[in-house]
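First comes the structure, then the notes that go with it.
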Amino acid sequence: MPHSPSSDPATSATPGVPADRPAALSVEGLGVTVSSGRLTAVRDVSFTVGRGEAVGLVGESGSGKTLICRSVLGLLPPGCAVSEGEISLADEALTGLSRREWDRVRGTRVGAVFQDPASYLNPSLTVGRQLSEVLRVKLGLDRARAAERTVELFAAVGLHDPAEVARRHPHELSGGMLQRVLIAVAVACAPDLLVADEATTALDVVVQAEVLELLARMRAEHDLALLLVSHDLAVIAEVCDRILVAYAGELVEDGPAERVLNDPLHPYTEALLRVATVDDWERRELEVIPGAPPEVGARLPGCRFADRCAFTAPECLDGPVPLRETADGRRVRCVRGEELDLSRAGAHGAREVAV
Ligand SMILES: Nc1ncnc2c1ncn2[C@@H]1O[C@H](COP(=O)(O)OP(=O)(O)OP(=O)(O)O)[C@@H](O)[C@H]1O
């Protein structure tokens with residue numbers, strides 16, 4: 001059974017979470033340093049994912065998406081660390097957990113699926129054995145019950161002939177099958193939250209659609225919250241209720257998917273959507289917006305997007321720009337956010353975009 005929130009869950013008072021949903025995940029003022037603390041790669045990141053909600057995280061390469069996900073999973077690479085902020089599940093603070101406590105939380109409270117499933121599986125053990133071990137260690141099932149449950153879970157993620165699949169080693173399975181195995185491992189202990197970082201990127205279009213459908217089904221059946229990172233805006237648009245836009249290590253926009261996609265408030269979001277040709281979902285990847293984001297850790301006088309933005313005014317350089325809430329409950333990190341009408345035909349958020 002999924003865990004239920006404690007008596008004092010984060011609630012609708014938290015920006016971004018709909019009134020009827022308690023938060024499954026809250027991230028408050030997250031900062032992440034890289035290069036052994038010398039550079040700040042993620043700063044002032046605050047967001048929530050409500051129970052059963054699917055939240056997409058988008059942004060150019062290097063904007064900090066993976067560091068944010070790995071902070072939530074307690075899996076930052078060597079040399080990287082959470083330097084500021086709080087991360088909590090509905091009823092449990094995660095910041096500062098010991099390695100042992102993280103091992104308990106991962107799998108039971110939070111599951112993860114990444115781009116390259118093979119690298120998260122042991123090549124010398126059958127996939128059935130690997131899932132059975134998780135069930136025995138995390139849920140205390142005995143050998144027979146764990147083996148039985150493994151086959152049930154493989155069937156639940158749509159693997160045909162699950163008993164036979166359980167006897168195979170990772171190299172005997174296709175990429176789509178491996179991703180289903182990893183999803184089975186990730187949801188085996190009924191976590192509240194699944195973090196999927198480019199989980200469908202390496203799959204062909206048909207298998208990608210099947211895996212997305214599987215995630216949607218898991219979410220509906222188990223009230224699972226999803227934090228989904230993808231370069232593919234079509235994937236985000238299809239799956240997510242809400243979209244977070246990251247730029248240069250900060251969140252610059254947070255709002256309902258439909259509003260963010262059709263009426264963006266931040267010039268970066270508008271530029272991102274335009275280069276991805278919002279109406280043309282066949283183009284799978286975001287193209288690069290002309291110009292370059294600031295170097296990791298660069299200290300700038302104001303908005304980090306200012307030198308690529310067509311709307312920069314003197315006030316944009318008057319100190320760090322906070323992520324502020326708008327009248328309609330969205331959030332934007334732009335001093336001119338509500339004054340600009342970016343939905344107008346012909347509005348251009350970024351300079352020098354070839355038309
Ligand atoms: N292990 C590391 N050591 C040093 N710098 C790192 C490390 N991991 C990430 N960074 C830096 O932190 C910034 C954010 O990286 P991150 O991987 O989170 O970006 P991303 O948005 O996920 O990019 P992509 O879409 O390419 O995966 C990048 O500039 C990156 O160079």
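First listed ligand is number 1; within each ligand, the first listed atom is number 1.
A heavy-atom distance below 4.5 Å is not found between the side chains of Pro191 and Arg106. Within the 4.5 Å cutoff, no side-chain heavy atoms of Val239 are placed close to those of Leu215. Using a 4.5 Å cut-off on side-chain heavy atoms (C-beta onward), Asp192 and Val110 make no contact. For the pair Leu203 and Gln179, the minimum side-chain heavy-atom distance is below 4.5 Å. Using a 4.5 Å heavy-atom threshold, the side chains of Val332 and Arg324 count as touching.
Using cut-offs of 30° and 60° on the angle between ring planes, the pair His266 and Phe305 is tilted.
Among the atoms of Lys65, some N or O lies under 3.5 angstrom from an N or O of ligand 1. Polar contact check, Val34 against ligand 1: no nitrogen or oxygen pair lies under 3.5 Å apart. Any N or O atom pair closer than 3.5 Å counts here, and Val296 shares no such pair with ligand 1. When only interatomic distances are considered, the shortest N/O to N/O separation between Cys80 and ligand 1 does not fall below 3.5 Å.
Both the backbone and the side chain of Ser63 come within contact range of ligand 1, each with a heavy atom under 4.0 Å. For His231, every heavy-atom contact with ligand 1 shorter than 4.0 Å involves the side chain, none the backbone.
Arg136 and Asp142 are not joined by a salt bridge, as no carboxylate oxygen comes within less than 4.0 angstrom of a charged side-chain nitrogen.
The heavy atom nearest to atom 14 (C) of ligand 1, out of those in Gly62, Ser61, Ala248, Ala41, is found in Gly62.
Ranking protein heavy atoms by distance to atom 17 (O) of ligand 1, first place goes to Thr66 CB, 3.6 Å. Atom 12 (O) of ligand 1 has its closest protein heavy atom at Leu67 CD1, 3.4 Å.
Using a 4.0 Å cut-off to heavy atoms of Pro77, the atoms of ligand 1 that qualify are 1 (N). Residue Glu60 has at least one heavy-atom neighbour below 4.0 Å for each of these atoms of ligand 1: 21 (O).
A cation-pi geometry, defined here as NZ or CZ lying under 6.0 Å from the six-membered ring centre and within 45° of its normal, holds between Arg70 and Phe114.
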